[in-house]
Amino acid sequence: MHGRRGLRLCATVRAGRLQKLLVQPLRHVDDHMRVQRGGSPGRLCRRLPAPAPAPAPPARPPPPAPPPCSIEIQFCVANPVGAVGSSVPPPPSEDTCTLLRNAVSQSAINFTCQPLFFTPEKACVWVAGAGAVAETNAVCIAASQNNFSFMYAAVGYAPFTCNLSGRSSTTCGPPMPPPPPRHPPPPPPPHAPPYPPPPRGPCRVEIYIITRAGYMDDARCETFGAVCAWRYGFPNLEFTCATYTDISATAVAYGSQQDAINAYREFGDPDKANATMANFEMQPPPPVPAPPPPPPACQVWVWFTRETPLVDLDTCINFAKDCTIVYGAPSPGLGPFACLSQSDHSANATAFGSLLGAIQAYEAITSKPRAASLWLRYQLTCTDTLNFASTCAPPVSMQPDCSPPPPQPPAPSPPAPPPGPSPPPPPCQTWISVEYGRHVPDLCGSDDCYAFAELVTNRYGPNSTEQQPFSCLNHTNTSMSVTAFGGPAGAVDTWQLFQDDGLAQLTFKDLFMTCGDQLRFYSTCAPLARQAPACLPPPPPPPLPLPPPPSPPPPGAVASPSPPRPSPPPPPPLQSPPPPPPPPCQVWTSIVKAAGGVDSQLCYDFAVHSSTSFAVPGMGFFACLDFEPFYANATALGSPMGAFGTHEKFNDPDVQAAAFARFNLTCGDALTFKSNCGLPATARPFCPPPLLPPLPPLAPGAVSPPLPGPPPPSPPPPPPPRPPPPFQFAWPECECEKRPDSSPLYLTLPNVSTSPTGGNMFCFEIARAGCPVANPCCVQDVFKIEFDVNPSCFGSIEYAIVDGRRQAAVAQWTPYEALKINRIDKTFDDAAGTSICIALRPGAACATAEAVCGNAWCTYSIFSTPDGGNWKCCPVRSWVDAPPAHRRLL
């Protein structure tokens with residue numbers, strides 16, 4: 001019994017034993033005894049002192065850290081002898097080892113690739129690492145899940161099912177399971193409650209996977225649980241497969257809140273996520289379709305009204321298509337037009353687009369050539385209207401000019417009335433068409449026809465108010481036609497420009513015309529005209545020998561004309577390779593027969609004769625260009641030396657005599673030579689007087705009859721067309737050849753970039769085209785280039801660059817204002833391709849080429865080297881009148 005001051009001990013004794021206990025003295029003052037009398041046993045108690053507290057045991061030292069364990073994971077591919085095919089796995093490589101290391105290094109152990117080893121039976125890669133017992137054992141068990149199927153998928157061998165093996169081992173071995181009890185515990189009584197399950201953590205963590213491949217099964221679900229435990233659950237969360245379907249699986253684990261947070265952080269690691277997706281061959285989710293774009297901000301309406309009720313639904317649909325081509329093509333920010341409404345007298349088309357698209361359509365509809373094409377197509381007159389409206393641009397209404405219809409063929413005129421005021425000249429209509437000798441649907445569409453009308457207006461339309469702009473009339477797969485109305489003077493000027501060979505060559509290049517194609521000119525007030533590109537036929541056959549000269553007839557006999565020699569059949573045409581770039585010189589030879597009889601065979605024979613008799617090395621083969629009953633033209637291309645040599649050979653009397661005999665040329669016939677690199681020449685056969693029979697003897701006193709007079713002179717050849725008026729230029733103020741067609745040199749369109757100092761820089765090159773007018777400037781060199789600029793912008797120009805060489809751009813004030821690029825010093829053969837740049841100062845007042853030049857076309861002059869202080873050639877051009885491929889406004 002415990003008391004207040006120690007331990008109290010009591011014992012029960014009998015009377016005799018009690019006497020002996022009483023005799024013994026008490027040892028402690030706290031001892032006491034209580035005795036019960038009357039012969040009954042007594043109770044003896046004694047209080048012992050409280051024991052002293054025991055000293056605290058010494059603290060145990062911490063257990064030593066377990067030695068690190070090493071782990072090795074190996075992947076091998078067997079080498080079956082002679083087995084080939086897509087099902088045989090390839091041997092592993094260093095890349096395979098890298099994939100294996102990345103797959104197993106997601107844990108706390110860092111693995112390194114070991115050297116590869118090969119045997120006759122197999123090839124293996126392996127990785128090694130070191131760590132604690134628990135970590136190495138967890139990685140070892142996870143790597144061997146499902147017979148190493150996880151490892152095979154991680155290194156890219158999932159498609160293969162044979163000849164693969166794996167191994168994972170540690171130096172510490174897996175943890176030993178607890179020993180089983182010696183005897184099984186007795187079963188609980190029937191009424192006893194079952195044992196409670198082990199306590200779970202307060203947090204549940206789920207990781208699920210969804211695949212569209214549809215290959216999920218029980219084994220793959222277990223593998224997914226092991227992968228989640230390895231990558232996201234270390235060290236406390238044990239993920240296991242909970243549920244799965246054909247396309248999904250869910251792994252579940254329980255743990256503390258900190259374990260759940262750690263798993264959440266590990267799950268967000270992109271490397272682990274990519275590795276898991278690669279293990280299960282997951283595809284990225286399909287892209288979410290973008291929301292539909294907002295509706296366009298602007299709407300455009302184009303409609304026409306006409307007095308004649310000829311509008312139906314098909315007309316409205318075609319009108320919408322034409323509006324898309326005419327007004328929608330210049331504006332990429334405007335959608336296609338659609339027929340909105342139609343009546344007997346009107347058609348309305350509408351389109352949606354951006355603000356920029358509506359403004360560009362507004363600018364396009366104010367173009368008179370584009371409006372004229374719609375007026376002509378839908379037969380609008382001056383009482384009809386073409387209208388434009390938009391929610392983002394001002395309205396426009398346009399009406400055709402009230403021009404009278406084209407004149408009819410003149411009827412027999414009555415007697416002339418008394419003289420009075422002359423009436424105004426009747427209006428003229430002009431047509432220009434291009435005809436291809438082949439099927440070219442890509443060059444003959446509606447948009448191409450409108451572009452052809454603009455090209456003809458800019459190139460052949462004179463600067464006269466009497467000539468209206470050309471508009472598209474019709475187009476097929478092989479031709480396009482444009483037309484315009486105007487006065488007689490305008491038609492004649494257009495006819496003269498149409499016959500300019502230099503402008504024709506530019507048009508051939510713009511319209512991609514080749515041999516067999518042609519341009520035609522028709523007008524009610526000017527003659528017909530035609531232009532065609534030169535053809536390069538195959539090499540001609542050797543010339544036929546000339547027939548022997550006829551013997552003179554006997555005296556008194558009348559010479560009978562010899563039968564005409566049959567012309568040889570033309571050789572079959574050969575397929576020639578693609579033509580090279582055209583040489584700089586072109587030569588034309590012509591044959592004129594006053595008696596007529598010129599046909600295609602004679603034109604071909606004359607071209608062959610020109611190639612074999614007139615041409616020299618450096619000149620190509622002649623081809624028949626065109627012919628009429630009284631003449632035939634042949635042409636060829638070549639170098640300047642070839643053109644000069646052909647000119648000299650043409651003037652050889654023996655060569656001319658052979659040509660006269662070959663083509664039976666007599667009095668009134670002629671051969672002509674022209675070139676854009678030389679002087680013209682003409683050869684006419686000699687006309688001796690006719691041989692007369694001897695006169696009979698005269699009777700005495702008779703008077704001899706008068707001799708017949710000379711034959712009448714042959715009619716002169718038709719006069720050449722009137723050349724265009726000469727060009728007059730006030731700038732530059734110097735005596736030199738300023739005509740733009742006097743030289744083949746021009747500047748290409750500038751490219752805008754940023755200079756090293758931060759300002760705008762305009763770069764262009766010197767290029768070379770044909771020289772349509774024969775003159776010495778056709779082979780001019782380049783000494784300098786001058787620009788007609790705004791003098792207030794001289795301070796905005798920083799420097800110039802010529803072929804990569806930086807130099808000063810010189811500002812000239814007197815005797816005339818100009819910006820000069822000096823020291824170019826290029827010969828005619830080296831000038832083409834010379835690169836020139838003009839750099840502007842950053843932040844300058846004149847920051848664009850339009851501001852520097854004072855206009856949108858920039859006039860310039862290319863100077864040749866001065867001869868004795870005088871300038872020989874200074875052709876004046878601009879970027880507007882350059883060859884078509886390099887022509888536009890800035």
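Heads up: numbering here begins at 1 and tracks the sequence.
In this model, no donor atom of one side chain and acceptor atom of the other lie less than 3.5 Å apart for D829 and T827. Residues Q505 and Q586 have side chains that bring a donor and an acceptor to within less than 3.5 angstrom of each other. No side-chain donor-acceptor contact under 3.5 Å links S742 and N775.
Remark: C763 engages C837 in a disulfide (SG to SG under 2.5 Å) (not counting sequence neighbours).
In this structure, L840 and S755 approach most closely via the heavy-atom pair O-OG, 4.3 Å. Annotation for Y522 and E435: closest pair OH-OE2, 4.5 Å, computed over non-hydrogen atoms. Of all heavy-atom pairs between S796 and A845, the closest is OG-N, 3.8 Å. Closest non-hydrogen pair, R739 versus P875, comes out as O-CB, 3.5 Å. Contact detail for S639 and M619: the closest heavy-atom pair is O-CE, 4.5 Å. Closest of all the heavy-atom pairs between A847 and N760 is O-ND2, 2.7 Å.
Disulfide criterion (SG-SG under 2.5 Å) for C734 and C874: not met. Sulfur-to-sulfur, C771 and C778 sit under 2.5 Å apart at their SG atoms.
Taking OG from S354 and CG from L334, the interatomic distance works out to 7.5 Å, rounded to the nearest 0.5 Å. We find the OG-CZ distance between S479 and F452 to be 10.0 Å, quoted to the nearest 0.5 Å. Here E817 contributes atom CD and E733 contributes atom CD; the two are 9.0 Å apart, rounded to the nearest 0.5 Å.
With a 4.5 Å cut-off on side-chain heavy atoms, Q807 and I821 count as touching. With contacts defined as side-chain heavy-atom distances shorter than 4.5 Å, the pair W588/N633 does not qualify. Using a 4.5 Å heavy-atom threshold, the side chains of V876 and P732 count as touching. Taking 4.5 Å as the limit, some side-chain heavy atom of F622 sits within range of a side-chain heavy atom of V587. In this structure, the side chains of R877 and L745 stay at 4.5 Å or more apart for every pair of heavy atoms. Looking only at side-chain heavy atoms (C-beta outward), I836 and F762 stay at 4.5 Å or farther from each other. Inter-residue side-chain proximity for L386 and V302 is flagged as met; some heavy-atom pair is nearer than 4.5 Å. Side chains of D517 and V434 form no contact here, defined as non-hydrogen atoms less than 4.5 Å apart.
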Kindly indicate, with the supporting measurements, whether the criterion disulfide (SG to SG under 2.5 Å) is fulfilled by C793 and C846. CA-CA 6 Å; C793 295; C846 301; 1.9 Å; yes

Quick one, L747 with I785, criterion side-chain contact (heavy atoms from CB on, under 4.5 Å). Give me CA distance, side-chain angles, the key distance, then yes/no. CA-CA 10 Å; L747 302 182; I785 298 176; 3.9 Å; yes

Evaluate T757 against E798 for side chain to side chain donor-acceptor pair (under 3.5 Å), listing each step before the verdict. CA-CA 9 Å; T757 59; E798 189 172 12; 3.0 Å; yes

Trace of the side-chain contact (heavy atoms from CB on, under 4.5 Å) decision for W731 with S861: CA-CA 9 Å; W731 182 93; S861 178; 3.9 Å; yes

side-chain contact (heavy atoms from CB on, under 4.5 Å) evaluation trace for Q531 with F508: CA-CA 9 Å; Q531 293 278 13; F508 298 157; 3.9 Å; yes

Begin with the C-alpha distance, continue with both residues' side-chain angles, and end with the deciding distance and a verdict on side-chain contact (heavy atoms from CB on, under 4.5 Å) for M480 and D448. CA-CA 9 Å; M480 295 182 291; D448 300 304; 4.0 Å; yes

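The closest donor-acceptor contact from the side chain of R823 to the backbone of V802 lies at 3.5 Å or more, if one exists at all. A donor-acceptor contact shorter than 3.5 Å is absent between the side chain of K872 and the backbone of C777. One N or O on the side chain of S390 and one on the backbone of Q299 form a donor-acceptor pair closer than 3.5 Å. In this structure a side-chain-to-backbone donor-acceptor pair under 3.5 Å is missing from T865 to F783. A donor-acceptor pair is defined here as one N or O able to donate and one able to accept, closer than 3.5 Å; no such pair exists between the side chain of R841 and the backbone of G759. Of the possible polar contacts, none joining the D830 side chain to the K826 backbone as a donor-acceptor pair under 3.5 Å is found.
Aromatic ring orientation, F388 versus Y362: tilted (interplanar angle from 30° to 60°). Ring orientation note: the planes of F498 and Y460 are tilted relative to one another, at an angle of 30° to 60°.
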For residues 482-489, please give each side-chain donor-acceptor pair under 3.5 Å, one per line with the distance, not counting sequence neighbours.
| from | atom 1 | to | atom 2 | distance (Å) |
| --- | --- | --- | --- | --- |
| T483 | OG1 | Q429 | NE2 | 3.0 |
| T483 | OG1 | T430 | O | 2.9 |

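For the pair R459 and F470, the cation-pi criterion (under 6.0 Å, within 45° of the ring axis) is not fulfilled.
The residue from V852, T859, L819 that alone fulfils the side chain to side chain contact (heavy atoms under 4.5 Å, CB included) condition with F787 is L819.
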